[in-house]
Number of protein chains: 2
Amino acid sequence: MAERKLNSTNYQNQVFLEEKCALNELIHLLSKRWLTEVMFSIEEGNVRFSNIKEDLKYISDNVLADRLKLLEKYKLIVRTEFAKESPTRVEYALTQTGETLSEWLGVLCNFAEKDMDFST
Amino acid sequence: MAERKLNSTNYQNQVFLEEKCALNELIHLLSKRWLTEVMFSIEEGNVRFSNIKEDLKYISDNVLADRLKLLEKYKLIVRTEFAKESPTRVEYALTQTGETLSEWLGVLCNFAEKDMDFST
DNA sequence: ACTTTTGCTAATAAAAAAGTGAGTCATGGC
DNA sequence: GCCATGACTCACTTTTTTATTAGCAAAAGT
């Protein structure tokens with residue numbers, strides 16, 4: 001969506017952390033707003049751009065497009081294009097890695113609900 | 001550190017997501033830069049402000065102070081002040097919840113290293 | 001009396017992320 | 001020929017997050 005300044009301390013600190021531990025890369029990815037919800041939405045059967053958009057009612061087109069690209073880039077989803085149809089239909093599906101991640105996020109969600117107190 | 005604009009779409013979307021699922025709150029917390037590393041550092045025995053600062057060499061004072069406050073707020077760490085000493089010594093320790101979270105993050109870290117490919 | 005130490009805070013600037021609104025492209029039906 | 005549809009893309013603005021720099025308080029050492 002936008003480019004990062006490679007010589008900023010901000011960027012260099014991020015690189016430092018990501019090199020220290022892959023968890024930082026994963027969290028950085030997961031923290032992109034709507035990203036996990038897009039995954040879950042696909043998992044629940046909203047496999048087309050317009051379906052997801054409808055499901056996550058406040059997401060905007062460009063953010064959804066970006067999140068789909070990220071998920072595809074990191075092989076958490078796969079994109080299938082039906083070019084013969086018109087307008088071209090595109091469908092998304094979770095990969096095996098995506099399914100596994102989704103399960104771990106489920107566990108984490110459970111932890112968040114049971115053990116954490118976000119009420120304040 | 002700074003205040004959020006309560007009437008912005010940005011904020012309202014965040015609220016929408018956090019109300020939808022506590023996982024979004026947890027991820028939002030975990031995504032604050034250095035936060036998990038501060039936890040891990042404390043866990044490894046760097047229990048004082050200056051120890052952590054030394055361990056995470058590029059973290060700045062105000063960010064560290066903020067992250068410690070957040071961790072304390074969400075009861076992932078406890079702060080103990082030794083006021084009789086001078087200058088006042090302060091020590092941090094993980095709570096039970098903190099320990100549990102740390103374990104789950106370990107699992108996630110393992111997933112990130114084994115199943116994800118961040119090389120591109 | 002002055003300096004040092006520890007554990008911070010506050011103001012501001014820089015960078016990154018998210019949101020807004022419009023536009024594109026290749027069909028295919030009217 | 002004109003409009004609609006689906007899945008996006010682009011330029012720009014706003015909001016949020018991070019980093020930079022400076023400073024503070026209380027007691028103890030010199």
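Values in this document were obtained by computation on a predicted structure and should not be read as measured data.
Side-chain N/O atoms of Trp34(B) include none lying less than 4.0 angstrom from OP1 or OP2 on dT18(D). A sub-4.0 Å separation between OP1 or OP2 of dT14(D) and a side-chain N or O of Thr9(B) is absent. Using a 4.0 Å cut-off, no side-chain N or O of Arg79(A) falls inside it from OP1 or OP2 of dA7(D). Within the structure, every side-chain polar atom (N or O) of Arg89(A) is placed at least 4.0 Å from both OP1 and OP2 of dG6(D). For dT17(D), one of the phosphate oxygens OP1 or OP2 lies less than 4.0 angstrom from a side-chain nitrogen or oxygen of His28(B). Residue Thr88(B) has no polar side-chain atom (N or O) positioned under 4.0 Å from OP1 or OP2 of dA26(D).
Atom CD in Glu54(A) sits roughly 10 Å away from atom P in dG6(D) (whole-Å rounding). For Phe16(A) and dA19(D), the CZ to C1' distance is 16 Å, given to the nearest whole Å. Distance, Arg33(B) CZ to dT18(D) P: 6 Å, rounded to whole Å. Between the CD atom of Gln14(B) and the C1' atom of dT16(D) there is a distance of 10 Å, given to the nearest Å. Between the CG atom of Asp66(A) and the P atom of dC10(D) there is a distance of 12 Å, rounded to whole Å. Rounded to an integer number of Å, the gap from CD of Glu81(B) to P of dA27(D) is 12 Å. Atom OH of Tyr92(A) and atom C1' of dA7(D) are 7 Å apart (whole Å). The nearest whole Å value for the distance from the CG atom in Leu64(A) to the C1' atom in dA7(D) is 9 Å.
If you check every strand for non-hydrogen atoms under 4.0 Å, Tyr58(A) touches nothing. Ser8(B) comes within contact range of the sugar-phosphate backbone alone, with a heavy-atom separation under 4.0 Å but no base atom that close. Residue Ser60(A) is in base contact, counting any heavy-atom pair closer than 4.0 Å across all strands shown. Asn10(B) comes within 4.0 angstrom of the backbone, heavy atoms only, and of no base.
Taken to the nearest 0.5 Å, the CD atom of Glu19(A) stands 10.5 Å off from the CD atom of Gln12(A). Remark: Leu71(A) CG to Lys32(A) NZ distance equals 11.5 Å, nearest 0.5 Å.
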Name each donor-acceptor pair under 3.5 Å that joins a side chain in residues 88-96 of chain B to protein atoms two or more places apart or in another chain, with its distance.
residue, atom, partner, partner atom, Å
Arg89(B), NE, Glu85(B), OE1, 2.8
Arg89(B), NE, Glu85(B), OE2, 3.3
Arg89(B), NH1, Glu91(B), OE2, 2.5
Arg89(B), NH2, Glu85(B), OE2, 2.6
Thr95(B), OG1, Lys75(B), O, 2.7
Thr95(B), OG1, Leu76(B), O, 3.2
Thr95(B), OG1, Thr97(B), N, 3.4
Thr95(B), OG1, Gly98(B), N, 3.0

Taking distance alone, no hydrogens or angles, what donor-acceptor pairs closer than 3.5 Å link side-chain atoms of residues 55-67 of chain B to residues at least two apart or in another chain?
residue, atom, partner, partner atom, Å
Asp55(B), OD2, Ser41(B), OG, 2.5
Asp55(B), OD2, Asn46(B), ND2, 3.2
Ser60(B), OG, Asn62(B), OD1, 3.1
Asp61(B), OD1, Lys53(B), NZ, 2.6
Arg67(B), NH1, Arg33(B), O, 2.6

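Smallest separation of non-hydrogen atoms from Ser102(B) and Phe40(B): OG-CE2, 3.6 Å. The minimum heavy-atom distance between Met116(A) and Tyr74(B), with the atom names listed, is CE-CB, 4.0 Å.
Looking at the side chain of Val63(B), the nearest of the listed nucleotides dT16(D), dC8(D), dA19(D) is dA19(D). Proximity note for Ser86(B) (side chain, C-beta onward) versus dA27(D), dC8(D), dA19(D): the nearest is dA27(D).
Contact footprint of chain A on DNA chain C: nucleotides with an atom under 4.0 Å from a non-hydrogen protein atom, first to last in 5' to 3' order, dA15(C) to dG28(C).
Between Tyr11(A) and Leu68(A), the residue anchored closer to the 5' end of DNA chain D is Leu68(A), taking for each the nucleotide with the nearest heavy atom. Comparing Asn13(A) and Lys69(A) along DNA chain D, the residue whose closest nucleotide (by nearest heavy atom) sits nearer the 5' end is Lys69(A). Nucleotides of DNA chain C nearest to Val90(B) and Asp61(A) differ in position, and the one nearer the 5' end is that of Val90(B).
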Would you please test Ile52(A) and Leu68(A) for side-chain contact (heavy atoms from CB on, under 4.5 Å) and show each step? CA-CA 10 Å; Ile52(A) 303 165; Leu68(A) 287 168; 4.1 Å; yes
side-chain contact (heavy atoms from CB on, under 4.5 Å) for Val107(B) and Phe111(B)? Distances and angles first, verdict last. CA-CA 6 Å; Val107(B) 171; Phe111(B) 167 84; 5.8 Å; no
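Other residues, nucleotides and ligands contribute over 12 non-hydrogen atoms within 6.0 Å of the CD atom of Glu81(B).
Applying the 3.5 Å distance criterion, the base of dT18(D) shares no donor-acceptor pair with the side chain of Asn62(B).
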